[in-house]
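I have placed the structure first, in the form of structure tokens, so that the comments after it can refer back to it.
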2 protein chains.
Amino acid sequence: MDSVIGVNLPEQSYQIAVVAGGLDDLGVWMSRLKLGKKVLVVSNPVIFKKYGERTLAALKLVGYEVSTCTLPAGERYKTLKSVQKIYDVALENRLERSSTVVALGGGVVGDMAGFAAATWLRGINVVQVPTSLLAMVDSSVGGKTGVNHPQGKNLIGAFYQPKFVLIDPSVLKTLPPREFRAGMAEVIKYGIIWDAELFDKLEAAKRLDQLRYVDEELLSLILARSCQAKADVVGKDEKEAGLRAILNYGHTIGHAVESLTGYKLVNHGEAVAIGMVAAGQIAVQLKMWKSEEAQRQDALIEKTGLPTQLPSGLDIDAIVDSLQTDKKVKDGKVRFILPTQIGAVTITDQVPADVIRQVLRQMQVS
Amino acid sequence: MDSVIGVNLPEQSYQIAVVAGGLDDLGVWMSRLKLGKKVLVVSNPVIFKKYGERTLAALKLVGYEVSTCTLPAGERYKTLKSVQKIYDVALENRLERSSTVVALGGGVVGDMAGFAAATWLRGINVVQVPTSLLAMVDSSVGGKTGVNHPQGKNLIGAFYQPKFVLIDPSVLKTLPPREFRAGMAEVIKYGIIWDAELFDKLEAAKRLDQLRYVDEELLSLILARSCQAKADVVGKDEKEAGLRAILNYGHTIGHAVESLTGYKLVNHGEAVAIGMVAAGQIAVQLKMWKSEEAQRQDALIEKTGLPTQLPSGLDIDAIVDSLQTDKKVKDGKVRFILPTQIGAVTITDQVPADVIRQVLRQMQVS
């Protein structure tokens, strides 16, 4: 089942296509958008080796002049220095305002390529072709682009919408299992914050981590519903003035965990899983959420093979302190997204520090 | 005469206040905007020595928590490296999304501070307090922010609108004469592209380079009309899809001249003056503009003390080649803004290279 999801924003609308095998039609999809003839494909060596040739062929087929820039894989290369490499290739190939950057890769590639496109010549086109589950359901949709500062993740960036997003579920077959699970954390998030029916489907699915091999139909559905959830939220609040913050469910403590473990020990999805368990428990403690529903969430997280406890050795005071440097802090108050039922959350900056500490202590490996 | 000019954009509108002595009221103006309590003042050491104390006092008076970041003065420091210094100070002072960067300085400070604000936490507030004539009538209005790439000016940047612009004409009294004249080039530009009455006023004024000492009233009027012209154009075309390109009158060849002289020999305003003379002559050659009006333009440029000939030793082929790397190139064609009468211009990419060469040869120092 192919799906096309519309993201409707005040200044610019665009489509997300979920099409198995769609990578070979990338050029055809793009040619409908009347972009300039120069395209710069940004990728990393691992992904480019797997899908670069097909991508270039799909683009050349419809007449694009294609150049490429591969950047080392991994969150620690998500820096201004890597973005400068993209700038250099853009200059060398004389990209123009009508030219397009195609981001072929996971979230790191997408964020950097998006940021480079947002800031080269004050903004050229970007098309996202996410190859990881995490990038498909999260970073490729919604226009958040950016890089890390040595002292904090995603501190440098811009809101900049892509012209088009192509999601080809088939490429997930080559994704390492741990990365697939990481992406499932964000899928579960959409179930909790927005789409109770999606949550039910995930709960009912038998072999969640094997989905991409055994049930491409269900996988496509999950991808489409996740993107639809994100598109709904972003369409209502592009610049994170209010509602969009709910997408950060699990991310408040998640970011702290990622940051304190140096973005190595725990990956983003795992950190979000831990953050969702924590936020769920905080909501239960504050009597905002039924404990049974929190248990259903935690069980789904466990079934996916994601962690529900803090990595050992992590200092609770350090986590609480780290929350203060988060982008989501306003006037010194930490904002939490807390579930009120499966499919609905609320935003609050009224979580007492001792409740946070208590919940985190319960989540320490005993 | 105080003026308040409205810049009306689809997503965000803001005001430009032209108020002699207004610097001391900066905090009062800003407090109407309901910004967060943290403010980071970005400046350069020269300007900060002159106006830093007054600025900080004006901000602290109304309760802002103020931090500062001074960056070396000069176009060659308009780099990502300087922007990174702003990021570091922003992090150190834990700026939040509701916080504000105040750009106190000329175009270099304004462009970098604006870009840092556009990209820190994916966008915090920026207030422009331009202290050079060029920044007042050009870079502080319209939301172009950015830095230079080692191989080209303003190649890295973003469209990002300020929340407010405060123009205090009194600060121009301390501006070096050459910089004042440079700013006048942009003022003359508005006369040619948009406001024939402004052109007449400039033509009628006796001591144009002495204006800031002898006629603050006329100076304020010129500032307000220039900002109004830019606000009109930007309000109709924020992202440079069409009309806004007319603001680049004189800049096509101007940028080439600046770039080929290493941004040192010829300053931006002087380069624009040279570019306007060239564009005027091209328009005359193409029989689009009356030669008498072109002469009036050139006479006004001369009266202001701005150059009307190419700097000696500049290679004409190099200029023509350099035009190709300009941001305004589309599908390899160089776009020119050409006057059709005083107060009106047209945009064309149909200028034969031999006409460009011929005009440039006429402008060589004999």
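Chain naming here is simple, since letters A, B, ... match the order of the sequence lines and numbering starts at 1 in each. Quick caveat, the model's predicted, so the values are computed rather than measured.
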>> Strictly distance-based, threshold 3.5 Å: is any side-chain N or O of B:Arg122 a donor or acceptor partner for the main-chain N or O of A:Thr145?
In response: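 Confirmed, B:Arg122 side chain pairs with A:Thr145 backbone.
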> Side chain, backbone, both or neither: which part of A:Phe115 has a heavy atom under 4.5 Å from chain B?
Replying inline: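 Only the side chain of A:Phe115 comes within 4.5 Å of chain B.
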> Does any heavy atom of chain A fall under 4.5 Å from the side chain of B:Ile156, the backbone, both, or neither of them?
Replying inline: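 When you check distances to chain A, atoms from both the backbone and side chain of B:Ile156 fall under 4.5 Å.
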> Considering only heavy atoms from C-beta outward, does the side chain of B:Leu155 approach that of A:Tyr87 to under 4.5 Å?
Replying inline: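 Side chain of B:Leu155 against side chain of A:Tyr87, heavy atoms only: no contact under 4.5 Å found.
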>> Heavy-atom pairs under 4.5 Å with chain B - which of A:Val147, A:Val83, A:Asp88 has more of them than the others?
In response: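 Option with the top pair count is A:Asp88.
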> If you measure from NZ on B:Lys81 to CG on A:Leu80, what distance do you get to the nearest 0.5 Å?
Replying inline: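 Rounded to the nearest 0.5 Å, the NZ-CG separation comes to 13.5 Å.
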